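Let me begin by presenting the structure, written as structure tokens, before commenting on it.
Being a predicted model, the structure only gives us computed values, none of them experimental. Just so you know, ligand 1 is whichever comes first in the structure, and atom 1 is the first atom listed for that ligand. Numbers for residues simply follow the sequence, beginning at 1.
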Amino acid sequence: MNTKLPPLTPLVSPWMEELITDFDLQHQLFEKYGSPLNVHHIPSFEKNISAFEAILSNYGFKHKIFYARKANKCKILASAAVQNGIGVDTASFNELKQCLDNGILPSNLVSTAAIKTEPLLKLAIHNQVLLIIDNEDEANKILELSKELNQPAIIGFRISGFYVGNHKLMSRFGLDVDEIESFILDFFKKKGAQHFLNFTGFHFHLDGYSPKERGTALHQTMDLIMRLRSHNFDLKFIDIGGGVLMNYLENQNEWRTFQEELKMAVLNQREPITYNNNGLGFTQRNGVVEGQLSTYPFYNERTKEKFLPEVLSVPNENALTVAKRLEELDIELRLEPGRSLLDQVGVTMAKVVHRKKDARNNILVGLEMNMTQMASSSADFLLDPFISYADSEREDKPVEVYLTGAYCLERDVLLQRKIALPSLPSVGDVLLFVNTAGYMMHFFETEAHLFDLSQNVYTRKSQNEMKISDFMADE
Ligand SMILES: Cc1ncc(COP(=O)(O)O)c(C=O)c1O
């Protein structure tokens, strides 16, 4: 039976390399900020913005990028976005308020909150921030508040339910593509609507990562814009939300091998490679593997450089590409990337508190962090962590461990995968998880058991001899 654990080697940038290998710096950071700690690297964020801009500036149509700050709560990233020439997509009252308080101009902001409370709507209308309307109640409320405040609201409508071939893309968000046109035409017959609602464009955000679906949705939205322009609506943009893939892993073979080994483990044809032999989406029935891996596609080659040109080259029935039509119709393409702007931006690190063996002889390494401090909707975070040992003179003796967290739940296992380490960590050694800035740090973080939330620090230093004084708290 195969007992070797399949590795999943992460892509690591030089600043991460430096942090991972500097035990003294890690120790000083913990002394000052506690464990676990989220570390952010602003130059990497800026590099991602430039890379997006470089791709889009190859085309003749206008574009505007909004960083989806829901992917990470740090203030500094919202400010850095604007300093680097892009806007910020906000998803709540607090996200919007904080941006406004930090001096971000309303023209660089959009509110796409799924639930829009009255204070949020008032704040947006008062500051002339673009509101993306999701439903009829919201539209009515905005009209009512605009009249009350005697101030027009800038709005766009979110669409969903696009057709790709015979298949309809279902969503709980937005207004259905089959009904939106008649809805808008009727809505603008309401008293005051023409005066108080400045309707400027459309928005959608699709689940999944299909360029064809996005391209097709763009064509259907451009068709709609053409029809509405004939009713004198001055529509200027289509915002296609986020969902641009990023790649976390170095090696496609490792990614494939991992999945093959996982399936074999699920069939009991090899030693388990996950806690309780969790199939991460794969199950077995009558000796056959069913289902699919229910994680993010951590290895993929369809990153922004490939993905965006693919979306933009989807043709319509007259063989006109998305890019060509956007240019001809003078429609600005807007994007709201979250995760892909945070590529290589963050590291989460935590201290080892204890080691133990469980009744199954698994070695468990308890960390000073909990499962919500590194969590996403993915069934597991499929990247090998890094370890930093206090004792640089130790004699290595490889071990395989599970990393466990502080919540009183059997399932507080930080990574479902069993992890191979060169030596058993000692108390006080450090585990580092790379590329956690997008969703992993904050999205599901809770304060159960009254644990403090993780602290967040950032550095603007490119790399090379980073010191504790190069790190600032995101307050
Ligand atoms: C409306 C909207 N915009 C942008 C995003 C960001 O998506 P991503 O982080 O995948 O780029 C999301 C994510 O859920 C979203 O719902």
Side-chain angles (χ1 to χ4, degrees), residues 40 44-45 48-49 51-53 55-56 63-74 77-78 81 86-92 95-96 99 108-116 120 124 129-135 138 155-162 169-175 201-211 213-214 217-218 221 237-248 295-298 300 302-308 310-311 333-346 375-378 381 435-444:
H40 299 83
S44 298
F45 183 64
N48 294 335
I49 294 174
F52 262 103
E53 288 290 357
I55 299 164
L56 291 170
H63 69 265
K64 180 149 179 143
I65 299 167
F66 293 81
Y67 158 57
R69 66 167 302 187
K70 73 189 81 177
N72 183 300
K73 71 180 182 188
C74 287
L77 293 166
I86 66 169
V88 183
D89 161 32
T90 65
S92 68
E95 282 193 2
L96 178 59
C99 286
N108 277 327
L109 293 168
V110 55
S111 167
T112 59
I115 300 287
K116 298 189 188 70
L120 167 60
V129 172
L130 171 65
L131 280 161
I132 299 299
I133 296 179
D134 173 82
N135 58 68
E138 215 169 86
I155 60 159
F157 286 97
R158 181 161 175 170
I159 323 181
S160 60
F162 296 103
L169 304 178
M170 300 297 181
S171 170
R172 83 172 172 101
F173 296 106
L175 292 148
F202 284 105
H203 178 281
F204 60 82
H205 169 87
L206 303 183
D207 251 9
Y209 308 101
S210 160
E213 288 180 2
R214 279 178 181 70
L218 269 158
T221 310
F237 74 84
I238 303 175
D239 183 335
I240 65 167
V244 180
L245 280 170
M246 68 177 251
N247 181 27
Y248 291 83
T295 68
Y296 189 81
F298 289 100
N300 73 81
R302 202 176 244 161
T303 53
K304 54 187 176 308
E305 293 76 8
K306 193 155 180 258
F307 178 85
L308 290 174
E310 279 182 19
V311 171
L333 180 73
R334 297 188 179 176
L335 255 70
E336 295 164 355
R339 185 193 295 264
S340 50
L341 278 174
L342 295 166
D343 190 9
Q344 295 293 318
V345 170
S376 74
S377 51
S378 204
F381 187 54
N435 231 343
T436 51
Y439 295 103
M440 298 305 298
M441 293 174 174
H442 308 132
F443 210 77
F444 291 97

Ranked by distance from atom 16 (O) of ligand 1, the top protein heavy atom is Lys70 NZ, 3.2 Å
For [X], which part has a heavy atom under 4.0 Å from ligand 1: side chain, backbone, both, or neither?
X      : value
Arg69  : neither
Ala68  : side chain
Arg339 : both

At less than 4.0 angstrom from any non-hydrogen atom of [X], what atoms of ligand 1 do you find?
X      : answer
Gly243 : 7 (O), 8 (P), 10 (O), 11 (O)
Asp89  : 3 (N), 4 (C)
Arg158 : 1 (C)
Pro337 : 11 (O)
Tyr439 : 6 (C), 7 (O), 8 (P), 9 (O), 13 (C)

Ring of Phe307, cation from Arg214 - is the NZ or CZ under 6.0 Å from the centre and inside 45° of the axis? no
Result for ring pair (Phe, Tyr, Trp, His ring centres under 6.0 Å) between Tyr296 and one of Tyr439, Tyr248, Phe381 points to Tyr248
Can you check whether Phe66 reaches Leu335 side chain to side chain, under 4.5 Å on heavy atoms? no
Measure across Leu130 and Ile155 and return the closest heavy-atom pair with its distance rounded to 0.1 Å. CD1-C, 3.5 Å
Strictly by modelled atom types, are Asn247 and Thr303 linked by a side-chain donor-acceptor pair under 3.5 Å?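 Side chains of Asn247 and Thr303: no pair found under 3.5 Å.
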Donor-acceptor pair, distance only, cut-off 3.5 Å: does the side chain of Asn48 make one with the backbone of Asp343? yes
Set of salt bridge (Lys or Arg N to Asp or Glu O under 4.0 Å) partners for Glu53, sequence neighbours left out: none
N or O pair under 3.5 Å between Glu336 and ligand 1: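 Min N/O separation from ligand 1 is below 3.5 Å for Glu336.
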